[in-house]
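This structure is a prediction, so every number in the text was calculated from the model and none was measured.
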Amino acid sequence: MSAASPVPLPLTRIENQPRVRDFLSTAFVTGQLSHAYLFTGMPGAGMTEAALALAQCIVCPNPEGPDGTCEECMRVAHHTHPDVKLIAPAGVSGYLIDQVRELSEDVPMAPVRATRKVYVIDRADQLRGASANALLKTLEEPPDDVMFILIARSVDAMLPTIVSRCQQVPFRVVPPEVAVATIARRVGGDDRDARIALAVTGTPERAAEFLSSPDRRNVRLAMVRTLCELARDDQWDVLQAAQGLVEEVQISVGLRQRGKAALKRDKVISEETKRRAQGQEDYYTPAMLKRLEDVVRRELSARERSAMIEALAAAESFLRDVLLCCEGALEPIVNEDVRSSVERIAHDATTAGVLRALEACHAASSDLAHNVTPQLALEVMLLCVKEALEWQPSYR
């Protein structure tokens, strides 16, 4: 790309993928964007961030070029722009056919605020069977004002005909030290906090969001504190601790205010639906509002599940540090802020016990994926961790 064609500002955020940044910049500046892209790479490579940056370029109304800071661009960044839709699997094992049908019905409709619409389809490798075939029909004859950005680890599990209709954009693996430096630079923190956030969230963009959210950081601290207190907890204490963790998660996703009872889920969904439709009431029919409400409900459930997975990831990160200390490994631990607790538990634990405790964390993640209630999954996990570390159950 020539010096006369600078990189659009939103795309400058694609720091760790210069080839992707330059490729998308050239396509945008020269007006040669494809109607469908397939971003492939490992989690943490910045694919979602790149997709949203490209979406900002497309919907930004600034005549001098995308700025990344106007109201339209901010709506994209906050996932509230009606013409930029981020879609994720709603089912335990992948996409639901109803999700793709809703998308297909929405595609022919005119944009609400911008001149084009963008659909970002996360984990597209989980499109299988009927849902994959339904999307294929939409991809074959898309309207001129619609772009699809599919995100997947690889094309191996995807329908070949879907892959053939997209322009593939491979993302390279970002080394951990580069990711940590990027996170620290973005949030103005230090490498220690960045490493913790990356261990909990898995990707630089989510890590930056984690560090900017006191409530999400509180969930991690609550989990660490709970693990540290298990040795002296009896069974009733463990059940209470699980309830406390669930409450912290609910606070982090807006389902509870600290020190108060949980909010009614239907009320939260209704208020969020009204907020998203604000100023566009004339556009939304009752059927469209109901569909928007269903989308909000699924998104809230996904956020709650994601927050619980983060809590379990915090437990796994802490226990991995305990394992490193048990083994006398030279590799530095991640949870430096609670090093004394890590070393105290490692002093009394065995390698086999810590491995069983980690298995309990993995089992809890699997339980959540199969719709076991969060509190039950946490109760079972904490009791199993206590037993694995040979902290025998105690009774009042």
Side-chain angles (χ1 to χ4, degrees), residues 7 9-25 39-54 68 77 122-123 151-154 169-214 216-217 219-221 223-224 227 306-307 309-343 346 354-355 358 361-362 365:
V7 176
L9 283 174
L11 295 179
T12 60
R13 294 200 305 272
I14 311 177
E15 304 173 67
N16 298 324
Q17 302 287 345
R19 295 181 65 181
V20 172
R21 179 195 62 213
D22 293 345
F23 170 75
L24 295 178
S25 297
F39 292 177
T40 56
M42 296 300 293
M47 294 180 290
T48 302
E49 184 177 39
L52 294 177
L54 182 57
D122 193 20
R123 286 168 279 168
I151 298 173
R153 287 195 175 206
S154 72
V169 182
F171 283 63
R172 67 181 182 87
V173 174
V174 178
E177 61 273 14
V178 174
V180 166
T182 300
I183 297 164
R185 184 168 61 253
R186 287 184 183 178
V187 300
D190 56 28
D191 287 357
R192 186 193 72 175
D193 289 342
R195 279 193 295 271
I196 292 171
L198 189 62
V200 171
T201 63
T203 70
E205 53 267 27
R206 292 175 185 167
E209 293 171 358
F210 173 86
L211 290 175
S212 300
S213 171
R216 288 169 69 180
R217 298 177 77 168
V219 172
R220 178 245 171 190
L221 291 174
M223 175 59 82
V224 170
L227 293 174
S306 177
I309 293 296
E310 274 190 9
L312 294 176
E316 290 184 31
S317 174
F318 181 84
L319 290 170
R320 279 197 298 269
D321 284 347
V322 172
L323 183 62
L324 288 175
C325 288
C326 283
E327 290 290 282
L330 297 178
E331 181 181 345
I333 68 171
V334 171
N335 297 274
E336 280 285 354
D337 59 331
V338 289
R339 172 179 281 277
S340 60
S341 296
V342 170
E343 292 175 344
V354 179
L355 288 173
L358 282 166
C361 293
H362 298 157
S365 295

Would you say that Met223 contacts Glu310 through its side chain, given a criterion of any heavy-atom pair below 4.5 Å between the two side chains?
no
Please give me the minimum heavy-atom distance between Val20 and Pro170, naming the atom from each residue.
CG2-O, 3.6 Å
CG of Leu221 to CD1 of Ile196: how many Å apart, nearest 0.5 Å?
8.5 Å
Side-chain donor-acceptor distances from residues 317-328 under 3.5 Å, at least two apart:
| unit_1 | atom_1 | unit_2 | atom_2 | d |
| --- | --- | --- | --- | --- |
| Ser317 | OG | Asn335 | ND2 | 3.0 |
| Asp321 | OD1 | Val334 | N | 3.0 |
| Asp321 | OD2 | Val334 | N | 3.1 |
| Asp321 | OD2 | Asn335 | N | 2.7 |
| Asp321 | OD2 | Asn335 | ND2 | 2.7 |
| Glu327 | OE2 | Thr351 | OG1 | 2.5 |

In short, Phe171 meets Ala45 closest at the heavy-atom pair CD2-O, 3.6 Å
Do Ser154 and Thr40 come within less than 4.5 Å of each other through their side chains, counting heavy atoms only?
no
Measuring from Thr201:OG1 to Arg216:CZ, what's the distance to the nearest 0.5 Å?
7.0 Å
CZ (Arg153) with more than 12 external heavy atoms under 6.0 Å:
no
Less than 4.0 angstrom from a charged side-chain N to a carboxylate O is my criterion; do Arg206 and Glu209 meet it?
no
Using atom types as modelled and distance alone, determine if a side-chain donor or acceptor of Arg217 lies under 3.5 Å from a backbone N or O of Leu211.
yes
Which atom names give the shortest non-hydrogen contact between Ala53 and Pro10, and what distance separates them?
CB-O, 3.4 Å
Distance col, row Leu11:CG vs Phe23:CZ, nearest 0.5 angstrom, shows 11.5 Å
Restricting to pairs with a member in residues 170-186, which pass side chain to side chain donor-acceptor pair (under 3.5 Å), not counting sequence neighbours?
Glu15-Arg185, Glu15-Arg186, Asn16-Thr182, Glu49-Arg186
Rounded to the nearest 0.5 Å, what separates atom CD1 in Ile333 from atom CZ in Arg192?
10.5 Å
Those residues that, when tested against Ala194, pass side-chain contact (heavy atoms from CB on, under 4.5 Å) (two or more places apart)
Val180, Ile183, Ala184
Shortest non-hydrogen pair, Val174 vs Ala179, comes out as CG1-N, 3.9 Å
Looking only at heavy atoms, the pair that brings Pro204 and Leu198 closest together is N-CD1, 3.9 Å
Correct closest heavy-atom pair for Arg220 and Val200 would be CG-CG2, 4.2 Å
